[in-house]
2 protein chains.
Amino acid sequence: MTDVDTALHTDAARPSRREQILRAAAQLFAERGSRAVGVDDVGAAVGVTGPAIYRHFASKDAMLAEMLLRISERLLAGGVERVAAAGDDPLAQLRTLIAFQVDFALDNPALITVHDRDLGSLPDGDAAQVRRLQRRYVEVWVGVLGRLHPSADDATSRARAHAVFGLINSTPHSAGRLPRAQMAGLLAAMAEAAATS
Amino acid sequence: MTDVDTALHTDAARPSRREQILRAAAQLFAERGSRAVGVDDVGAAVGVTGPAIYRHFASKDAMLAEMLLRISERLLAGGVERVAAAGDDPLAQLRTLIAFQVDFALDNPALITVHDRDLGSLPDGDAAQVRRLQRRYVEVWVGVLGRLHPSADDATSRARAHAVFGLINSTPHSAGRLPRAQMAGLLAAMAEAAATS
DNA sequence: CCGGGACGTGAACCGTCGTTAACATCCCGC
DNA sequence: GCGGGATGTTAACGACGGTTCACGTCCCGG
């Protein structure tokens, strides 16, 4: 299909418009919150007027939806892949999961912020889909944490997982103040200590 | 001053209106985000029409401002007080800080959520004041963490503090699934492990 | 008992913002 | 080189939401 061709061309090859828009929007949404950012602001950020956006997205909500869906999919896919590649040792799996999440959080503090702040301003359908993906990602962690703490029930493992997410996803609050490598090491060490405690 | 008298009377004695409104607003803001909540919604939540709110608050922003200021002040005051009461041992200080923050996070998940999601939708002046209070609270933690890790610089301690906040403040994401005492124990243990790692 | 302040109400005002419409422009393939 | 699709622009529409207004009611102190 020419559809797919075009899509591949525009989406991947050149980082063109649509992608620029998504990136700029992510930045703005993270800074001010999606509801506080106007279509005109997003347009201006890529050197275009507001309504021009509707050539690339059906609506503002659709923009936010695609953004959140991508993040959730990336996290889930990455998590599954890392765990699978880590062999059978739960501790090794935990370490690779932590490293993965830390990298993501350091590379995309803006996405982290938007991800859990603006989920609520999403149309019900999309919100549900994002939540499904999030839940599956959490379950990956729950599995690993469960094997690491055989006596703990799933509810405890889930709470532990959320706590570790909170720890690692603190990057938007403490960003840039520390060299990346140092920050990565610190977060990884803290996360592992917390997860195995 | 009659001012103070009245304030004390209305604010403390009876949990009347103004207070009801603040509580209801906190709940709604936490669920949907302050910008997605209309004045009418807040009014309806306390059995009153929208405009009635302007008998108690100068504006919607003023409501949010008072909410965030109170939280920040409560945290700072509580933190300072606990540390002072804990003697000289940095580990004892850390433990009491953690217990304090865990209690707060478990008692007020809604406030936690609003606190760092809606700070951005605050008039510049109020936002700055809230940030000042936050900073001072963080500094309390930084002091303790610094004494606990003598070789670490302040930037590291600050990052550590934010990470621990993220860990403990994960309560809105994993609320209610675990009995409170169990959740408190889990979070405290994880936080201590992370902070001392 | 009566005058005023606290508290509410419904209606109207007005700015903001997402979205659409009508109209250009540019460029690529036939 | 010509027609059409992709991409933008400006202007306008319509809804929503914060805020104000004019008007009631209730109650309490002199």
Side-chain angles (χ1 to χ4, degrees), chain A residues 1-25 28-29 31-67 118 120-124 126, chain B residues 1-22 24-25 28-29 31-67 118 120-123 126:
Chain A
M1 309 295 173
T2 18
D3 252 356
V4 178
D5 245 34
T6 314
L8 280 175
H9 195 271
T10 3
D11 283 6
R14 205 179 352 154
S16 158
R17 249 341 89 111
R18 191 171 167 89
E19 290 306 312
Q20 292 180 37
I21 295 180
L22 272 179
R23 261 194 277 281
L28 290 173
F29 287 2
E31 285 164 9
R32 306 184 220 157
S34 70
R35 265 183 137 108
V37 174
V39 166
D40 289 354
D41 298 326
V42 178
V46 298
V48 153
T49 55
I53 293 200
Y54 290 84
R55 297 293 169 187
H56 305 276
F57 295 93
S59 68
K60 193 190 169 193
D61 281 345
M63 249 181 64
L64 183 58
E66 180 161 340
M67 211 165 111
D118 294 275
S121 9
L122 214 55
D124 289 353
D126 304 286
Chain B
M1 308 294 173
T2 16
D3 252 357
V4 178
D5 245 32
T6 315
L8 279 176
H9 195 268
T10 3
D11 284 4
R14 202 177 358 151
S16 160
R17 246 344 88 110
R18 193 171 166 90
E19 291 305 314
Q20 293 180 35
I21 295 180
L22 271 179
L28 289 173
F29 287 2
E31 284 164 8
R32 308 183 218 157
S34 71
R35 263 179 140 113
V37 175
V39 173
D40 290 354
D41 299 326
V42 178
V46 298
V48 156
T49 55
I53 292 199
Y54 290 84
R55 298 291 168 190
H56 305 275
F57 296 93
S59 67
K60 193 188 167 191
D61 281 346
M63 250 180 63
L64 184 58
E66 180 161 341
M67 209 164 113
D118 294 275
S121 9
L122 215 56
D126 304 287

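Residue numbering restarts at 1 for every chain, and letters A, B, ... go by the order of the sequence lines.
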Notebook entry, point to check: Could you give the NZ-to-P distance, from B:K60 to D:dT20, as a whole number of Å?
Noted result: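 Nearest whole value for this atom pair: 15 Å.
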
Notebook entry, point to check: Tell me: CG of B:D40 to C1' of D:dT19, nearest whole Å?
Noted result: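 Result: 11 Å.
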
Check: B:Y54 side chain: which of D:dG8, C:dG8, D:dG18 is closest?
Finding: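 Nearest to the side chain of B:Y54 among the choices is D:dG18.
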
Notebook entry, point to check: Which listed nucleotide (D:dT10, D:dT19, D:dG8) is nearest to the side chain of A:P51?
Noted result: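 Given the options D:dT10, D:dT19, D:dG8, the side chain of A:P51 is closest to D:dT10.
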
Does the side chain of [X] get closer than 4.0 angstrom to OP1 or OP2 of [N] through an N or O atom?
X	N	result
B:R17	C:dA6	no
A:T49	D:dT9	yes
A:H56	D:dG8	yes

Note to self: Minimum heavy-atom separation for A:M63 and A:A25, please, with both atom names.
What the structure shows: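 Heavy-atom minimum between the residues: CE-CB, 3.0 Å.
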
Notebook entry, point to check: Taking the nucleotide of DNA chain C with the closest heavy atom to each, which residue, B:V48 or A:V37, is nearer the 5' end?
Noted result: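 Taking each residue's closest nucleotide, the earlier one in sequence belongs to B:V48.
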
Note to self: Can you work out whether A:D41 or A:A58 has the more 5'-proximal nearest nucleotide on DNA chain C?
What the structure shows: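 Final value for this comparison: A:D41.
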
Margin query: Evaluate B:I53 against B:K60 for side-chain contact (heavy atoms from CB on, under 4.5 Å), listing each step before the verdict.
Written below: CA-CA 8 Å; B:I53 292 199; B:K60 193 188 167 191; over 6 Å; no

Next item on the list: Calculate, to the nearest 0.5 Å, the distance between atoms OG and CG belonging to B:S121 and B:D126 respectively.
Entry: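 The CG atom of B:D126 is 11.5 Å from OG of B:S121, to the nearest 0.5 Å.
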
Margin query: Applying side-chain contact (heavy atoms from CB on, under 4.5 Å) to A:E66 and A:R18, what does each step give before you reach the verdict?
Written below: CA-CA 11 Å; A:E66 180 161 340; A:R18 191 171 167 89; 2.4 Å; yes

